[in-house]
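Shown next, in structure tokens, is the structure this report addresses.
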Protein chains: 2
Amino acid sequence: MVSISTKGIYGVAAMHALYKSPNAKLMQIKEIAAMTQISHGYLEQILSSLKKSSLVISIRGVNGGYKLARDAQEILVLDIVEALEGKLFVPSENVGASVVLDSFWADMQEQARKVFSIKLCDLDKAYQTFFYEI
Amino acid sequence: MVSISTKGIYGVAAMHALYKSPNAKLMQIKEIAAMTQISHGYLEQILSSLKKSSLVISIRGVNGGYKLARDAQEILVLDIVEALEGKLFVPSENVGASVVLDSFWADMQEQARKVFSIKLCDLDKAYQTFFYEI
DNA sequence: TAATACCTTAGTGAATTACTATGTTCACTT
DNA sequence: AAGTGAACATAGTAATTCACTAAGGTATTA
């Protein structure tokens with residue numbers, strides 16, 4: 001189907017929730033799950049992956065939770081999605097040893113990854129732009 | 001993995017082969033398969049899909065084969081890939097009823113599809129550019 | 001009518017997706 | 001010191017997709 005899967009979409013939604021947390025306050029999985037409607041157990045795994053990629057920081061125990069590992073200006077949607085789904089748009093293998101097509105697909109990948117290189121802090125801005133155009 | 005699958009890559013390779021056929025001469029499946037290293041049976045299915053999407057024309061019987069249904073200038077890589085893999089980059093469902101993220105993903109889809117809106121006849125040109133830059 | 005090409009459908013093993021289930025570890029509170 | 005509640009870790013599972021193969025059907029030409 002060639003699409004970002006729910007895992008990536010959930011990941012961006014969770015990161016966006018953390019970004020929107022007032023005063024960068026810790027958020028617990030159950031809070032994020034309630035906000036985003038993501039299943040608690042699945043969200044646990046997703047946040048675990050995001051932690052492994054150093055995108056979030058966690059604190060354990062009672063009153064624990066998650067927060068962004070760094071400023072939202074330093075986090076790209078591409079980082080989030082690739083942390084969860086691997087590098088984007090890598091053509092499986094090269095076909096027929098065609099140099100033309102090989103470099104074509106490499107170029108497509110580069111351009112497509114550029115599209116997703118939008119900062120986490122600019123997500124709302126993107127929406128505003130969209131909104132004002134109506 | 002979020003990538004064009006081999007089906008789409010094979011489809012583009014096959015279409016490129018048809019585009020490169022001298023004088024737009026009919027090409028048989030076995031010729032294309034030999035050129036591209038795609039399995040004969042699988043390529044049959046792929047060309048069948050491309051025909052259903054009116055991207056190629058076929059002639060049956062002895063000396064039959066395939067050719068492009070229209071000028072390569074009127075065929076986008078996006079057309080080929082979407083004929084084989086469905087519409088690109090549709091986020092499965094909207095998550096958490098977030099209007100911000102919904103319109104963000106819609107915008108991502110639009111931009112990503114634009115990246116693949118390159119004409120079949122410009123595939124080689126893309127490579128030339130890449131080549132000259134070295 | 002035989003040969004040869006396209007056309008169609010069914011099946012299959014491997015991998016991926018989107019979870020659920022179960023338990024462990026850690027830290028704070030009482 | 002014990003209990004509670006949070007993150008952490010691993011295993012399992014049903015459904016779907018992927019990348020084909022197999023087997024035959026149908027149209028056209030020699």
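In what follows, chains carry the letters A, B, and so on, assigned in the order in which the sequence lines appear, proteins first and then strands, with residues in each chain numbered from 1.
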Item checked: Rounded distance (nearest 0.5 Å) linking atom CD1 of B:Ile29 with atom CD1 of B:Ile46 -> 10.5 Å

Next item on the list: Nearest whole angstrom, please: distance from the C1' of C:dT4 to the NZ of B:Lys30.
Entry: 8 Å

Notebook entry, point to check: For C:dT29, does OP1 or OP2 lie under 4.0 Å from any side-chain N or O of A:Asn63?
Noted result: yes

Next item on the list: Spell out, as yes or no, whether a donor-acceptor pair under 3.5 Å connects the side chain of B:Arg70 to the backbone of B:Val56.
Entry: no

Check: Looking at A:Ser39, does any N or O in its side chain come under 4.0 Å of the phosphate oxygens OP1/OP2 on C:dT20?
Finding: yes

Item checked: Residue closer to the 5' end of DNA chain D, A:Val2 versus A:Gly64 (nearest nucleotide) -> A:Gly64

Next item on the list: Between D:dT21, C:dC26, D:dA9, spot the one nearest the side chain of B:Gln45, thanks.
Entry: D:dT21

Checklist line | Cationic N near anionic O, under 4.0 Å, B:Glu74 to B:Lys119 | finding: no

Checklist line | Contact under 4.0 Å: A:Lys51 side-chain N or O vs D:dC8 OP1/OP2 | finding: yes

Checklist line | Parallel, tilted or perpendicular: ring planes of A:Phe116 versus B:Trp105, cut at 30 and 60 degrees | finding: tilted

Next item on the list: Using side chain to side chain contact (heavy atoms under 4.5 Å, CB included) as the criterion, point out the one residue from A:Leu68, A:Asp79, A:Asp71, A:Leu18 that pairs with A:Leu120.
Entry: A:Leu68

Next item on the list: Figure out the CD/P separation between A:Glu31 and D:dA6, and round it to whole Å.
Entry: 9 Å

Check: Hey, does A:Ile59 reach any base, or is it just sugar-phosphate, or nothing, if we go heavy atoms under 4.0 Å?
Finding: sugar-phosphate

Note to self: Between A:His40 and B:Tyr66, which residue's closest nucleotide on DNA chain C lies nearer the 5′ terminus?
What the structure shows: B:Tyr66

Item checked: Below 4.0 Å: OP1/OP2 of C:dA18 and any side-chain N or O of A:Ser5 -> yes

Notebook entry, point to check: Can you find a side chain N or O atom of A:Ser58 that sits less than 4.0 Å from OP1 or OP2 on D:dC8?
Noted result: yes

Next item on the list: Could you tell me whether the side chain of B:Arg60 has a donor or acceptor atom within less than 3.5 Å of a complementary atom in the base of D:dT28?
Entry: no

Note to self: Please report the distance, rounded to the nearest Å, between CD1 in A:Ile46 and P in C:dT17.
What the structure shows: 12 Å

Item checked: Out of D:dA19, C:dA21, C:dT25, whichever nucleotide has its closest atom nearest the side chain of B:Tyr42 -> D:dA19

Check: Under 4.5 Å between side-chain heavy atoms, hopping through other hydrophobics if needed: is there a path connecting B:Val77 to B:Tyr19?
Finding: yes

Checklist line | Side-chain N or O of B:Thr6 closer than 4.0 Å to phosphate OP1/OP2 of D:dC18 | finding: no

Margin query: Is there a side-chain contact between A:Tyr10 and the phosphate of C:dA18, meaning an N or O under 4.0 Å from OP1 or OP2?
Written below: no

Check: Which nucleotide sits closest to the side chain of B:Gln28: D:dA7, C:dC19, C:dA5?
Finding: C:dA5

Item checked: Between C1' of C:dA15 and NZ of A:Lys7, the distance in whole Å -> 13 Å

Next item on the list: Whole angstrom is fine here: how far is it from CG in A:Leu26 over to C1' in D:dA6?
Entry: 11 Å

Check: Whole Å only: how far is the CD1 atom of A:Ile29 from the C1' atom of D:dA9?
Finding: 12 Å

Next item on the list: Starting from P on C:dA5, measure out to CG on B:Leu43 and report it in whole angstrom.
Entry: 14 Å

Item checked: Protein-nucleotide distance (B:Glu85, atom CD; D:dT16, atom C1'), rounded to Å -> 15 Å

